[in-house]
Amino acid sequence: MPRVVAEIAGNRPVSAVWVNELGGVTFRVGGPAPAEYVKTYPDAEAHLLDDEVVRLRWAHRYATVPEVLDNGPGWLRTAALPGRSAVDPRWAGRPETAARAIGAGLRRLHDALPVADCPFGPPSWVGERTPAPDLLVVCHGDACAPNTLMADDGSCAGHVDLGDLGVADRWADLAIATMSLDWNFPEGRWETVLLDAYGVRADPERIAFYRRRWNDEPTPPG
Ligand SMILES: Nc1ncnc2c1ncn2[C@@H]1O[C@H](COP(=O)(O)OP(=O)(O)OP(=O)(O)O)[C@@H](O)[C@H]1O
Ligand SMILES: [Mg+2]
């Protein structure tokens, strides 16, 4: 356990809850309530948490996202939102419920965050020369299933992991959210359920474009 996590915890219980692709580890501290989360990143990637701090502080005024309690080089401490990730084992056998929560949650997020006030440019992976936007919104930027939290009644309880939040076409989020359903719930196609809950018809060209960008594959000019 990193020293900063031990210091924050004091004599409260700590558990490691998530390891990301960069080797960063998120810890849950304390609880049942009030609990906190401490996200730690390797030195080389620590700047990504600085990006997340400013975005969380901005988005927290409009939407259900974690409150920043404290941060420092390579760590970010937030107040726990009451909910579990959409990929928590609780939802593993209920992909339709999860897909609906993710779609409805993204719609609520997009409706709540004001584009005109948003100081952040497009998510880092979106890049330039994109197709004409269907609708510019403030995108989550990493709209994979684990970053939607769900309440026990199956509704969306908020969003985490906002380090790449910024203004882009809503299909930047929808393409990734629907793609990640296939990673996390492989036994079916839940794309239509998610898009119905969001309130939109599939746009296969924009979906394909943003998935290629996400995967860092060449895209035809927009
Ligand atoms: N404030 C919070 N309230 C509730 N759950 C949280 C909170 N912060 C983090 N979590 C939980 O910890 C997990 C990891 O957090 P987060 O997604 O921010 O980390 P990450 O390392 O950036 O993830 P990724 O692998 O997507 O890059 C989340 O999926 C969520 O389950
Ligand atoms: Mg995450």
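As the structure lists them, so they are numbered: ligands from 1, and atoms in each ligand from 1. Bear in mind that the values here come from a model prediction, so they are computed numbers and not experimental data.
The shortest contact between atom 4 (C) of ligand 1 and any protein heavy atom is with Tyr37 CE1, 3.3 Å. Ranking the protein heavy atoms by distance from atom 28 (C) of ligand 1 puts Val160 CG2, 3.8 Å first. The closest protein non-hydrogen atom to atom 31 (O) of ligand 1 is Ser85 CB, 3.6 Å. At the shortest separation from atom 12 (O) of ligand 1 among protein heavy atoms lies Thr26 CG2, 3.7 Å. Counting protein heavy atoms only, atom 25 (O) of ligand 1 is closest to Trp18 NE1, 2.8 Å. If you check which protein heavy atom lies closest to atom 21 (O) of ligand 1, you get Asn20 ND2, 2.8 Å. Annotation: atom 19 (O) of ligand 1 to nearest protein heavy atom, Lys39 CE, 3.3 Å.
Inclusion of Asn147 in the first shell of the Mg ion (ligand 2) is supported: an N, O or S atom falls under 2.8 Å.
The atom of Asp161 nearest to the Mg ion (ligand 2) is OD2, with the search restricted to N, O or S atoms.
Contact detail for Phe185 and Ala92: the closest heavy-atom pair is CD2-O, 4.2 Å.
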Worksheet item: Yes or no on side-chain hydrogen bond (donor to acceptor under 3.5 Å, both in side chains) for Asn147 and His140, after CA distance, side-chain angles and deciding distance?
Response: CA-CA 9 Å; Asn147 294 331; His140 178 285; 4.7 Å; no

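Counting heavy atoms closer than 4.0 Å to ligand 1, residue Asp88 contributes nothing at all. With a 4.0 Å cut-off on non-hydrogen atoms, Asp161 touches ligand 1 through its backbone as well as its side chain. With a 4.0 Å heavy-atom cut-off, ligand 1 is reached by the side chain of Asn147 but not by its N, CA, C or O. For Arg28, no heavy-atom contact with ligand 1 is shorter than 4.0 Å.
Leu49 and Val17 fall into different hydrophobic clusters, where Ile, Leu, Val, Met, Phe, Trp and Tyr are joined by side-chain heavy atoms under 4.5 Å apart, directly or via other members. Under the 4.5 Å side-chain heavy-atom criterion for grouping Ile, Leu, Val, Met, Phe, Trp and Tyr, Tyr41 is not connected to Val160 through any hydrophobic cluster. When hydrophobic clusters are built by joining Ile, Leu, Val, Met, Phe, Trp and Tyr residues whose side-chain heavy atoms come closer than 4.5 Å, directly or via intermediates, Tyr37 is not grouped with Phe27. Linking Ile, Leu, Val, Met, Phe, Trp and Tyr whenever their side-chain heavy atoms come within less than 4.5 Å leaves Val29 and Leu81 in two separate clusters. No continuous path of hydrophobic side-chain contacts links Leu149 to Tyr62 [ILVMFWY only; heavy atoms under 4.5 Å].
For the pair Leu56/Pro66, a side-chain contact is recorded, criterion being any heavy-atom separation below 4.5 Å from C-beta on.
For Glu52, no nitrogen or oxygen atom sits less than 3.5 Å from a nitrogen or oxygen atom of ligand 1, counting backbone and side chain alike. The distance criterion of under 3.5 Å between nitrogen or oxygen atoms is met by Ala79 with respect to ligand 1.
Summarising the contacts of atom 3 (N) of ligand 1 with Leu81, Leu49, Leu56, Val68, the nearest heavy atom is found in Leu81.
Under a 4.0 angstrom heavy-atom cut-off, Pro146 registers as being in contact with ligand 1.
Here Arg206 pairs with Asp169 in a salt bridge; the nearest charged N to carboxylate O distance falls below 4.0 Å. Ion pairing between Asp196 and Arg100 fails under the 4.0 Å rule for side-chain N and carboxylate O.
Without hydrogens or angle criteria, Asn71 side chain to Arg77 main chain gives no donor-acceptor distance under 3.5 Å.
For ligand 1, the atoms closer than 4.0 angstrom to any heavy atom of Leu149 are 4 (C), 5 (N).
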